[in-house]
Structures are given as structure tokens and as C-alpha cells.
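Worksheet: one structure, shown below.
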Amino acid sequence: DDYDVALFFYAGHGMQIDGQNYLIPVDARLEDKLSIEFEAFKVSSVNRYFSYNDDKLNIMILDACRNNPYRAWMRGGGQGFSAIDDQGAGTIIAFATREGETASDGTGGNGLFTQHLVEQMKIPQNITEVFQNTRVSVLKASNKKQVPQEWNMLTGNFYFTNTASGQRTKEYAGNNNNPVFVTPVASVFTDSRNSKSYKWVQIGNQVWMAENLNYSMPGSYVNEKGDQFYNWEAAMKACPAGWHLPSDQEWDILVIRFGGETKAGAALKSASGWKDGGNGTNSSGFSGLPGGFRGHYDGAFGSIGSHGHWWSATESNAASAWSRSLSYGLADVYRYSNFKRNGFSVRCLRD
């Protein structure tokens, strides 16, 4: 009763029988189905106690969705855990993978889910973003074989780590509506190589350039408007000191933050400059512009005013790399594998 936040974390063996989720103690000897009632621990017991604390924050994290080793006597069970759909207000319950599926034990001291969750908990971001970005990381690491899932009944915001001090914060309240940590596009930095200044925006824990890079170098090409485009090899070297070309995963984090590939385009596109009413809201501050591209086959510039294309630092194969594109009239963000010889825009991400 004296605390604002209750957290229950379990990593180990767990399974479901007849739709009931159980955590298995290390000394349990489950010789038959009846013994599980006496030797194992019901997840619903924790959930029940959480329900008495519904005016505060309750967090349950279960990295326990493993294969069932008791198939010799068990008929009513299945893989992984079953869904928990009766939690009270103010509670979030996170599973290492989807219901009915199993999770990887990983290669280190923690399971794959916990390994990536710990890293996300250290970053100043809302608790929902912690689990969302953990899901992105685990999907990548497992080649989309493991998909973490959570049941969210939160009524306010909570951050494990505070942006300013790096300490845990107790911002949670049932009627709290704190904004995501975003720095307005008012700050600038100067590229010492050519003394050009660029606006930047902090979105969550990421700091993005809010303008396309405009630095001339071998492998870059300038169009009639003075915009620079880079082949992939040049793009990998183009960002100034303290900044880097964002990886495919870092692009994912940005896109997911604003609703995913079918929605984020509106927030990422600038509020002007797009043809045929294709402007965005720019609620992200990213200010994506329709600069177009330079084709590798004829060196011609195209799609100015209708599309924007940006490189990631992640190869898809020896000849191609992943990129992100925005289009006029659509809210989609497209992820394409493109020939490295194409000329695309560059947005740098702060180290």
C-alpha cells in the first residue's frame, strides 16, 4: 500500500493446463496432473492481488513460455501460456511470446525476451514503448519466430528511467496524461566540415536530423534544386562526427512510434511541399520532404514533389540495402530493398 508501482517478474519454466497458467518451482516433482495444483504457482494469484491495487501501476513480466516436458501424463495442456484477459485497470502483463507459442532461452544468461527487455528499460521512454521496442528487437533477433505480447489496461504513463536524471521516476497516476519526451525542432547543430547548420528533433530516445543531409562528397549527386543524393556506399560515410546513418531497426523504432507502416507517414511528412494535397501533419517534427531520387541506370532525378527516399545502414544482400520511402497522398511508410547504386537522401541519427 505504501508504493506507487508493483512489479512481478518471473523467468523460468511455465506452462498452461486446461487454460490455467502455472509457474513451476525448481523443486517441483509433477508426477501427475493433480500434483500441479499443489506444487506449482498460479499466475492468476498475482493477477488477483493486483486487482486490489487498481488505482496504482501493476506490471507483470513472464519470460516463461517454454515447451511442456510433462506430455506423458498431460492431455489438457498446450504450448506456451494462455491469454490473460481479466486483469484490472492499471495493470500491464507481458509475455515473452504470443499465447500458445514457445520462447527462446537465448544464448546468454537471460532468455531472448529478457535480454532485449533489459536494454529497453534503460532507455527514457514510456512503458508501452519499452515493450513495443522490445518486440521489434526480438522479432529481428528471432527472424520473426518469436513475437512478445502484452495485455495493457494502463490508465496513465510510466517511465522506468527519467530523461533528465537517468533515474527511475514515479510519474504514474491514473489520470496522468504526460506527453512523450519530444524536443521541439528549435535546436540546431553545425557540421564542421562545411559549416552548414541543421535542425534536429528528439523523438523518444532518438535524436534525428530534421533536414536532409547536404554535404558534397564522392558518391553524392546534386539536383537542380541543390539537394544532395547519395549512393549507399557514400551514405554510409556521409554523416558528420557524432552522427550515423540509421540502421533498419532504428528506422523501425521511429515508424512504430507513430503507428507503424500504414499510419506513420502522416506524422513523418512535412506539412508543405508535397504535391496534390499529399502533405502530412509533421506531428513528429521529422519534416520528411519529397526530394525524390537519382536512378542508377541513367543518372536522372525523379519523383520530386511526390516521393522521399532515405537509406538505412542495413544491407539486404551484396548489391542492395534497405531504405524507407514516403509517398504523396498516402500515410504509408514503405520499406524497400534497393540497389546500392541508386541515389537517395540521407537523414542522420545522433550516436
Side-chain angles (χ1 to χ4, degrees), residues 123-133 135-136 152 154-157 159 163 171 176-189 197-214 225 227-229 243 245-293 302-312 322-336 344-350:
I123 298 171
Q125 55 187 336
N126 193 296
I127 185 172
T128 57
E129 295 173 308
V130 168
F131 290 115
Q132 176 177 283
N133 293 333
R135 180 161 42 251
V136 171
N152 184 349
L154 297 181
T155 56
N157 293 321
Y159 301 82
T163 13
E171 293 184 16
N176 196 341
N177 192 27
N178 293 319
V180 174
F181 292 121
V182 176
T183 301
V185 187
S187 300
V188 298
F189 78 95
S197 295
Y198 296 93
K199 295 177 181 178
W200 57 265
V201 60
Q202 180 172 340
I203 305 172
N205 60 294
Q206 295 180 319
V207 176
W208 287 84
M209 286 175 50
E211 302 176 64
N212 291 342
L213 185 68
N214 197 348
K225 296 177 59 179
D227 298 326
Q228 293 281 347
F229 299 85
W243 298 75
L245 189 68
S247 68
D248 188 47
Q249 181 178 351
E250 287 170 326
W251 274 107
D252 277 347
I253 291 172
L254 176 68
V255 171
I256 289 172
R257 181 180 296 276
F258 293 101
E261 293 182 344
T262 61
K263 296 181 180 180
L268 297 179
K269 286 194 293 185
S270 60
S272 63
W274 293 81
K275 75 172 191 177
D276 296 338
N279 296 324
T281 64
N282 197 31
S283 59
S284 65
F286 182 81
S287 302
L289 292 168
F293 71 100
S303 297
I304 298 174
S306 62
H307 293 82
H309 303 273
W310 294 269
W311 283 121
S312 86
W322 293 109
S323 65
R324 293 300 188 282
S325 299
L326 298 174
S327 175
Y328 74 101
L330 297 172
D332 298 75
V333 179
Y334 297 98
R335 177 179 180 262
Y336 290 124
F344 287 171
S345 300
V346 163
R347 285 293 179 97
C348 301
L349 188 65
R350 195 162 72 187

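In this chain, residues are counted from 1 in sequence order.
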Review item, side-chain donor-acceptor pairs of residues 270-277, under 3.5 Å, at least two apart:
from: S270; atom 1: OG; to: S272; atom 2: O; distance (Å): 2.7
from: S270; atom 1: OG; to: W274; atom 2: NE1; distance (Å): 3.2
from: S270; atom 1: OG; to: G288; atom 2: O; distance (Å): 3.2
from: W274; atom 1: NE1; to: G288; atom 2: O; distance (Å): 3.1

Could you give the distance from OG (S345) to CD (Q228), rounded to the nearest 0.5 Å?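 The OG atom of S345 sits 10.0 Å away from the CD atom of Q228.
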If you measure from CD on E261 to CG on D332, what distance do you get to the nearest 0.5 Å?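 Spacing of CD (E261) from CG (D332) equals 8.5 Å.
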Among residues at least two apart in sequence or on other chains, which ones pass side-chain hydrogen bond (donor to acceptor under 3.5 Å, both in side chains) with [X]?
| X | answer |
| --- | --- |
| S312 | none |
| T128 | N126 |
| W243 | none |

Side chain to side chain contact (heavy atoms under 4.5 Å, CB included) against [X], all qualifying residues, sequence neighbours excluded:
| X | answer |
| --- | --- |
| E211 | Y198, K199 |
| L254 | I203, Q206, W208, W251, F258, L268, F286 |
| S247 | Q249, E250, T314 |
| Q132 | R135, I256 |

Suppose we screen for salt bridge (Lys or Arg N to Asp or Glu O under 4.0 Å). Which residues come up paired with D248, at least two apart in sequence or across chains?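 By the salt bridge (Lys or Arg N to Asp or Glu O under 4.0 Å) rule, D248 matches K140, R324, R335.
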If we ignore hydrogens and angles and just use 3.5 Å, is the side chain of K263 paired with the main-chain N or O of V255 as donor and acceptor?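 Flag not set: sc K263 to bb V255 has no pair under 3.5 Å.
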Side-chain (T281) to main-chain (A266) donor-acceptor, under 3.5 angstrom: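 Yes.
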Taking ring pair (Phe, Tyr, Trp, His ring centres under 6.0 Å) as the test, write out the residues that go with F229, two or more places apart. F301
